[in-house]
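To keep things clear, I will list the structure first and then write my remarks on it.
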Amino acid sequence: MSDNFEALLQESRIFEPPAEFKEKAKVADLSLYEWAERDFLGFWADAAKDIEWFLPFEKVLDDSDAPFYRWYTGGKLNVSYNCVDRHTKSFRRNKAALIFEGEPGDSKILTYQELYREVNKFANVLKKLGVQKGDRVTIYMPMIPEAVIAMLACTRIGAPHSVVFGGFSSQALKDRIDDAKAKLLITADGGYRRGSIVELKKNADAALEGETTIEKVVVVKRTGQEVPMTEGRDYWYHELMADAALYCEPEQCDAEDMLFILYSSGTTGKPKGIQHTTGGYLVGVHTTFKYIFDYREEDIYWCTADIGWITGHSYIVYGPLSNGATVVLYEGAPDWPQKDRFWEIIEKYRVNILYTAPTAIRTFMRWGEKWPKGRDLSSLRLLGTVGEPINPEAWIWYHEHIGGGRCPIVDTWWQTETGMIMITPLPGVIPTKPGSATKPFPGVEADVVNDKGEPVPPGQGGYLVLKKPWPAMLRTLYGDPERYKNTYWSKFPGWYFTGDGAKKDEDGYFWILGRVDDVINVSGHRIGTMEVESALVEHPLVAEAAVIGKSHEVKGQAIAAFVTLKEGVEGTPELVQELKQFVAQKIGALARPDDIFFTAELPKTRSGKIMRRLLRDIAEGRALGDTTTLTDPAVINKIKEQYKDEG
Ligand code: 6R9
């Protein structure tokens, strides 16, 4: 392995927690880590004290039927009670719970008292429409307060929700409704996205054609455009709410009652219904939110994810609200009406904590620093990223141009399955290294192992596993316990297999290399796609890159790169050579791509992940797999055509 390769992976820059930040930080020494290490169950038992239980739990962890772990058994609680009711009993009742910013520029603030009222009323509406404890409710909504109200109302009556991202097609919605056998659907006439209307109701109608388990549909009026309403099936939200009773007794749920199902993005065939339960999930997201975002009572917090993803569930809704935080909810696109919309929102509300994705950061880099420069971002004190490995270049840009050099960055590794953040710095105590998610959260045990389950030496790649259960872990795959066991617990019996590759460095820091199926093996050398991508995007003319392994007779696999260039740059054969050379220089000759293709866009899932599987299929001339999670399927055809021209 060349020195350059190591240099890229083991970024030498280290950022200590800024003194000013550390001074006021919730966690400023390692005692929390030491405690959790010493007394794992005691640590998690104590974390549960922040939650109000109707009935205390008897046992912290029941592992008698592993891998079907059970947490806080015997305990009874209600999630909406913890996220709303209890805050109405303190000064927080007059505090903003949600600050909503609509894409067209409308805005609205709901205090905890107001949110409480709406959640109670809507819970009564659901009951009146026949929803009972245990019935599944599908939510297909734009990013508006009613989406949060709907989720909380479901938890109030113990009806598991299944939120389907508003950008999904009607077919994807139908598949998810069918799999969950949902009884009721909550949607809106439409939502705003980049100046146009996303026709949610129209998609919902298409999804309900033919046979369906859905009996009733509740429609929120958001855009006001004409939509057909089916008599006896469809109801307007505002009409139902007009005469709903004001109080709904919260259901006393068992800690292990199902809280929600969330279908994971289709990076492999059929979507998986990840199932989470009540007590452990709430303890997990509450605790991680509090410590990782160093949350303070007066903070204004903004997570730019969509509630259709786990990040939205855990760190827009349940984690922040159970802590009584003030949460910004933004409906639309980052470039509407201009490319500084995010920075305008931060300036307008004086946001203190921003949590976003590397793909967004790279997009902002591409747009140029003049956009954030034109706005006052001085309120920010902490930044976070999630969803994919962040290349050091993007990390540094985020740190400098958004964080003004003063904000720690928490690079948080986790999954839909883990429910809560698992590997992350605690910003007041763990020095950060650009590109590393640093250390497991207290009470989390992670490791990097080889095929046989043996720990690998520092600097060497292996499989990322979790060696101990954790409260917010998935409990099963909805309706498919066998698949749950096979997918996560069979490769390394007793440990959870993440599907990710990683390395640890000499300091025990974790460097996530991406999904294991994204690791390329060239002549026996293991190269993470992310490493090559990271090198490519360091080139001044490159905006974004996706790298795949393509079958190769001699080497096993060869590297192919799909590259988008910065605005106005032309892709020439000379540039292809230059980029190959650039990568070889950055990482070593073993990482030199065999092919580089320029493309206007990369195929991405709606959560912003590059669909490398599709690129591999194109590069190897195979028929394409499932594309239902793709943002813009036309991108694929464009790339295919280009590939034919050049390949
Ligand atoms: C929360 C979320 C999970 C997969 C995960 C990994 C990748 C997420 C990351 C990261 C490197 C990070 N991932 N966070 N990779 N660094 N900080 O994104 O859940 O949509 O289920 O995706 O995303 O590959 O396995 P989900």
Side-chain angles (χ1 to χ4, degrees), residues 9 11 163 165 167-168 260-268 271-276 284-285 288-289 292 303-316 318-319 355-362 383-392 394-395 398 409-425 432-441 444 446 448 461 463-466 472-474 477 487-488 496-503 509-519 528-531 533-534 604-613 629:
L9 283 173
E11 253 282 329
V163 182
F165 173 55
F168 271 128
F260 64 83
I261 304 168
L262 183 57
Y263 289 88
S264 80
S265 56
T267 40
T268 55
K272 298 178 280 200
I274 314 283
Q275 186 173 320
H276 284 284
V285 299
T288 47
F289 177 79
I292 296 163
C303 166
T304 68
D306 191 282
I307 46 140
W309 310 118
I310 192 66
T311 305
H313 283 57
S314 301
Y315 298 107
I316 293 177
Y318 298 116
Y355 191 30
T356 192
T359 184
I361 297 164
R362 288 193 297 266
L383 304 174
T385 76
V386 58
E388 48 177 324
I390 182 163
N391 46 301
W395 196 102
Y398 194 32
I409 296 179
V410 289
D411 174 355
T412 62
W413 177 88
W414 59 298
Q415 309 177 302
T416 305
E417 290 88 340
T418 68
M420 65 184 220
I421 296 170
M422 302 296 280
I423 303 180
T424 176
T432 52
K433 303 184 188 184
S436 168
T438 76
K439 303 256 186 180
F441 186 78
V444 169
V448 180
Y463 300 106
L464 180 64
V465 295
L466 300 167
M473 66 196 297
L474 81 165
L477 294 177
T487 309
Y488 304 107
Y496 171 89
F497 175 48
T498 62
D500 277 333
K503 294 182 188 217
Y509 276 45
F510 286 75
W511 298 75
I512 312 296
L513 302 173
R515 304 295 302 191
V516 182
D517 41 9
D518 292 338
V519 172
T529 49
M530 181 262 167
E531 291 145 9
E533 288 166 10
S534 182
K604 290 186 184 163
T605 64
R606 289 163 203 259
S607 62
K609 293 195 169 65
I610 295 165
M611 296 187 83
R612 294 196 180 69
R613 182 173 49 78
T629 57

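All heavy atoms count here, side chains included; hydrogens, waters and symmetry mates do not. Read the numbers this way: they start at 1 and go in the same order the structure lists the ligands and their atoms. All residue numbers refer to positions in the sequence shown, counting from 1.
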TODO: Check whether any heavy atom of W414 sits under 4.0 Å from an atom of ligand 1.
DONE: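 Yes, that is the case, since the closest heavy atom of the residue is under 4.0 Å from the ligand.
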Open item on the list: I want to confirm something. Looking only at heavy atoms, which of G312, G384, S436, G387 is nearest to atom 13 (N) of ligand 1?
Closed with: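 Comparing heavy atoms across G312, G384, S436, G387, the nearest one to atom 13 (N) of ligand 1 lies in G387.
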What do you reckon, does [X] have a nitrogen or oxygen under 3.5 Å from a nitrogen or oxygen of ligand 1?
X: T416; value: yes
X: T498; value: no
X: E417; value: no
X: D500; value: yes

Task: Cationic tip of K439 above F510 ring, under 6.0 Å, 45° of axis - done: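 The answer is no, since K439 fails at least one limit relative to F510.
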TODO: Taking side chain to side chain donor-acceptor pair (under 3.5 Å) as the test, write out the residues that go with D500, two or more places apart.
DONE: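 Here the qualifying residues are W413.
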Open item on the list: Please enumerate all residues that pass side chain to side chain donor-acceptor pair (under 3.5 Å) together with T412, with sequence neighbours excluded.
Closed with: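 For T412, the residues satisfying side chain to side chain donor-acceptor pair (under 3.5 Å) (neighbours in sequence not counted) are Y355.
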Which of the atoms in ligand 1, numbered in the order shown and given with their element, are less than 4.0 Å from a heavy-atom of [X]?
X: T311; answer: 1 (C)
X: I512; answer: 11 (C), 15 (N)
X: V386; answer: 1 (C)
X: D411; answer: 12 (C), 16 (N), 17 (N)
X: P389; answer: 11 (C), 15 (N), 16 (N)

Is ligand 1 under 4.0 Å from a heavy atom in the side chain of [X], in the backbone, in both, or in neither?
X: A437; value: neither
X: T412; value: backbone
X: I310; value: side chain
X: E388; value: backbone

TODO: On the 0 to 90° scale, with breaks at 30° and 60°, tag the H276-F260 ring pair as parallel, tilted or perpendicular.
DONE: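 Answer is tilted, since the angle falls between 30° and 60°.
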- [ ] Mind telling me whether F289 and Y315 have parallel, tilted or perpendicular rings, with 30° and 60° as the class edges?
- [x]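 Ring orientation, 0 to 90° scale: parallel.
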Open item on the list: I'd like to know if the side chain of S314 and the backbone of T311 have a donor-acceptor N/O pair within less than 3.5 Å.
Closed with: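 No, because the side chain of S314 does not come within donor-acceptor range (under 3.5 Å) of the backbone of T311.
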TODO: Would you give the length of the straight line joining atom CD of E417 to atom CG of L262, rounded to the nearest 0.5 angstrom?
DONE: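 Taking CD in E417 and CG in L262, the distance rounds to 9.5 Å.
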Open item on the list: Distance check, rounded to the nearest 0.5 Å: I610 atom CD1 versus K604 atom NZ?
Closed with: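 Result: 5.5 Å between the selected atoms.
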Open item on the list: Please report whether the ring centroid of Y488 lies less than 6.0 Å from that of Y496.
Closed with: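 Yes - the distance between ring centres of Y496 and Y488 falls below the 6.0 Å cut-off.
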Task: R362/E533 ion pair, N-O < 4.0 Å - done: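 A salt bridge is absent here (no side-chain N lies under 4.0 Å from a carboxylate O).
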